[in-house]
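Values reported hereafter were calculated over all heavy atoms of this structure, with side chains retained and with hydrogens, waters and symmetry mates removed.
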Amino acid sequence: MGLMYDYGHGTAQDYNAAFSWYVKAAKQGDSEGEYLLGGMYRFGHGVDRSDLLAAVWYKKAAKHGFAIAQSALGSVYESGGVGFAPDYSQAEFWYRKAADQGFKPAQDKLERLIKEIGSRTQQ
């Protein structure tokens, strides 16, 4: 239901309703619900934008082994946000977790991050 409200499929788009459904799923330990709730906070859909709360919810889903959430958490750590500085070692750690599961976007992000870190250390 949360996805239907989030994207307006079969109903009017309603971020508040989507948020409510994601909270219900997340409170039951559903990794996809936790991930989607993190996205609501990351992009400020239906709630005040919060990089810190996005990281909290992404991490809950990531710890369940959800590759998409692991990659998203890596992105949060790589870019940093309000309340915390970038942490490239944590970004690499979470990208690697997702990449090891065959998640191509994380493999690409990991490769790019390693190249960037290498070029910084050579300067």
Query raised in the report: Rounded to the nearest 0.5 Å, what separation is found between the CZ atom of Arg42 and the OG atom of Ser50?
Result: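 Answer rounded to 0.5 Å: 11.0 Å.
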**Report entry** Distance-only polar pair, side chains of Ser89 and Asp87, donor-acceptor under 3.5 Å
**Finding:**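 Per modelled atom types, Ser89 and Asp87 side chains form a pair under 3.5 Å.
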Report task. Using only heavy-atom distances, determine whether the side chains of Glu78 and Gln90 contain a donor-acceptor pair under 3.5 Å. Result ->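 Distance-only check fails for Glu78 and Gln90.
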Query raised in the report: For Asn16, does its backbone N or O pair with a side-chain atom of Ser20 as donor and acceptor, under 3.5 Å?
Result: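 Between the backbone of Asn16 and the side chain of Ser20 there is no qualifying donor-acceptor contact (under 3.5 Å).
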**Report entry** Heavy-atom donor-acceptor pair, Arg49 side chain to Phe43 backbone, under 3.5 Å
**Finding:**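 Looks like no, no N/O pair under 3.5 Å.
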If you group Ile, Leu, Val, Met, Phe, Trp and Tyr by side-chain heavy-atom gaps below 4.5 Å, do [X] and [Y] land in one group?
X	Y	value
Trp21	Tyr35	no
Trp94	Ile68	yes
Val23	Met1	no
Phe93	Val76	yes
Tyr5	Met40	no

Minimal non-hydrogen separation, [X] against [Y], with atom names:
X	Y	result
Gly74	Ala91	O-CB, 3.4 Å
Glu92	Leu110	CG-CD1, 3.6 Å
Asp6	Gln13	O-NE2, 2.7 Å
Pro86	Ser79	CG-O, 3.8 Å
Gln107	Gly102	NE2-CA, 3.5 Å

Requested in this report: Taking atom OH of Tyr7 as the centre, report whether more than 12 heavy atoms of other residues, nucleotides or ligands fall under 6.0 Å from it.
Outcome: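 Not more than 12 within 6.0 Å, no.
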[Y] and [X], any side-chain heavy atoms less than 4.5 Å apart:
X	Y	result
Tyr22	Leu3	yes
Asp14	Met4	no
Gln70	Arg96	no

Please list every donor-acceptor pair under 3.5 Å in which a side-chain atom of residues 53-67 meets a protein atom from a residue at least two apart or in another chain.
{"unit_1": "Lys59", "atom_1": "NZ", "unit_2": "Tyr77", "atom_2": "OH", "d": "3.1"}
{"unit_1": "His64", "atom_1": "ND1", "unit_2": "Glu34", "atom_2": "OE1", "d": "3.1"}

Query raised in the report: Salt bridge between Lys104 and Asp108, side-chain N to carboxylate O under 4.0 Å?
Result: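 Here Lys104 pairs with Asp108 in a salt bridge, since their nearest N and O are under 4.0 Å apart.
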Query raised in the report: Parallel, tilted or perpendicular: which fits the ring planes of Phe19 and Tyr41, with parallel below 30° and perpendicular above 60°?
Result: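 The arrangement is perpendicular - the two ring planes meet at more than 60°.
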